[in-house]
Amino acid sequence: MKNGHRMIFCVDIGNTHTHYGVWKDGSMTGCGTVKTAKQASDSCMVFERWKEACGIHGILPISFCSVVPDATRVFRDAVGDATHVFHLTHMTAAPLKINYPKPAEIGQDRLANAVAGKQLFGSPSVVIDMGTAVTFDIVDKEGAYAGGIIAPGLAVMARYLHEQTALLPELNPDDLALSHQSMIGKSTMEAMKLGCAIGFSGMIRSLLEATLEQLGRDTDRAIPVVATGGSAGALIKIYFPDMLFDPDLTLKGLALALIQHESQH
């Protein structure tokens, strides 16, 4: 079966939520999100989703990454010997060369993003993942993972204002990326929304400009920038209309990593 028609069940296990989907014909289908299971007593809902997908498509190999060791064990125990399971780590990310002093420190989701960035957008490229934290992951002109940036996410900024003050209300991060008519808030809520949304977008822009300036010294190629993550969609449309956006980029990176791994073994 050619890679474009390969079907793979991809799982991205995060601190709070686990995202999954089926790689099919070069894109993702049947994507969803469940709460991350961290205890042996928890039901591993993503394993149930895999069984449902297998009922439709036949037995599917699994490619996964995780930033939660307890959840990794729960997931591996649930899957057992049911199918071929590929775990993306710094040890299995080849042929993505890692130009980083301590590769074991790199989040596995960040490696998946780098694989997707390299394979889908070329080298050099920049992936911005806007989740609980904002991560920039850089693929250099040689196609190697070069490192990146970690900054507070939009939800963290909004929650911090509420938790560290006596009177400021709690904001819903999903309501922050709204277009605004004025830069002068007429209520506490409006002022907070403006501070978070404009401040967050300004942070992203400043970090990106510095990153592209450094990468641009070594290449005359236009450097693609692609965003992903829960906070990205609405923000990109409003503040970065020229930036690429792919909500399933991490899952695609997991599928591509498995395909690359199999081609070498």
Side-chain angles (χ1 to χ4, degrees), residues 8-23 27-53 60 62-79 85-89 106-117 127-137 148 150-160 162-163 170-177 196 200 204 226-236 245-258:
I8 303 168
F9 191 79
C10 303
V11 182
D12 172 22
I13 301 174
N15 286 293
T16 304
H17 294 98
T18 294
H19 307 284
Y20 63 87
V22 177
W23 165 276
S27 61
M28 301 306 302
T29 184
C31 296
T33 301
V34 298
K35 185 177 179 180
T36 295
K38 301 178 183 179
Q39 303 296 329
S41 58
D42 294 339
S43 60
C44 191
M45 294 300 297
V46 70
F47 179 58
E48 298 301 319
R49 302 291 84 80
W50 170 76
K51 290 196 294 184
E52 291 173 3
L60 300 177
I62 295 173
S63 180
F64 84 100
C65 65
S66 174
V67 296
V68 187
D70 288 343
T72 303
R73 288 188 287 271
V74 170
F75 180 68
R76 292 302 299 257
D77 288 345
V79 173
V85 180
F86 171 75
H87 186 183
L88 176 62
T89 70
I106 306 169
Q108 295 168 12
D109 53 346
R110 300 181 68 187
L111 290 174
N113 287 339
V115 170
V127 177
I128 306 175
D129 194 336
M130 301 184 194
T132 302
V134 173
T135 59
F136 282 56
D137 292 299
I150 302 175
L154 183 60
V156 171
M157 294 173 64
R159 187 170 62 248
Y160 185 85
H162 170 65
E163 292 178 349
E170 185 172 3
L171 299 178
N172 181 352
D174 294 334
D175 295 335
L176 296 181
C196 288
F200 182 78
I204 297 296
V226 58
T228 191
S231 303
L235 280 170
I236 295 305
F245 174 61
D246 188 338
D248 303 321
L249 190 73
T250 309
L251 297 178
K252 291 178 180 178
L254 287 168
L256 291 167
L258 171 56

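Everything numeric in this text was worked out from a predicted model, so none of it was measured. Computed from heavy atoms alone, side chains included, the values below leave out hydrogens, waters and symmetry copies.
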Original post:
What is the distance from atom CZ of Arg49 to atom SG of Cys31, rounded to the nearest 0.5 Å?
Top reply: 13.5 Å

**OP:** Could you check Val134 against Phe200 for side chain to side chain contact (heavy atoms under 4.5 Å, CB included), going step by step and ending with a plain yes or no?
**Re:** CA-CA 10 Å; Val134 173; Phe200 182 78; 3.5 Å; yes

**OP:** For the pair Thr72 and Phe64, evaluate side chain to side chain contact (heavy atoms under 4.5 Å, CB included) and give the outcome as yes or no after the intermediate values.
**Re:** CA-CA 9 Å; Thr72 303; Phe64 84 100; 4.0 Å; yes

Original post:
Should Ile204 and Met130 count as side-chain neighbours, where that means a heavy-atom distance under 4.5 Å?
Top reply: yes

Original post:
Is there a side chain to side chain contact (heavy atoms under 4.5 Å, CB included) between Lys252 and Met28 once you walk through the steps?
Top reply: CA-CA 7 Å; Lys252 291 178 180 178; Met28 301 306 302; 3.7 Å; yes

Subject >> Approximate separation, where rounding is to 0.5 Å, of Leu88 CG and Leu111 CG >> reply: 5.5 Å

Original post:
Going by the angle between their ring planes, with limits at 30° and 60°, are His19 and His17 parallel, tilted or perpendicular?
Top reply: tilted

Original post:
Measuring from Asp137:CG to Asn113:CG, what's the distance to the nearest 0.5 Å?
Top reply: 6.0 Å

**OP:** Ignoring hydrogens and angles, state whether a donor on the side chain of Thr228 or Asp246 is under 3.5 Å from an acceptor on the partner side chain.
**Re:** no

Original post:
How long is the span from the OG atom in Ser66 to the CZ atom in Arg73, to the nearest 0.5 Å?
Top reply: 9.5 Å

Original post:
Among all residues two or more places apart in sequence or in another chain, which pass the side-chain contact (heavy atoms from CB on, under 4.5 Å) test with Glu170?
Top reply: His162

**OP:** May I have the step-by-step check of side chain to side chain contact (heavy atoms under 4.5 Å, CB included) for Trp23 and Leu254, ending in yes or no?
**Re:** CA-CA 9 Å; Trp23 165 276; Leu254 287 168; over 6 Å; no

**OP:** Evaluate the side-chain proximity of Asp42 to Lys35: yes if any heavy-atom separation is below 4.5 Å, no if none is.
**Re:** no

Subject >> Side chains of Arg110 and Asp129 in contact at under 4.5 Å (non-hydrogen atoms) >> reply: no

Original post:
Roughly how far, to the nearest 0.5 Å, is SG of Cys10 from CH2 of Trp50?
Top reply: 14.0 Å

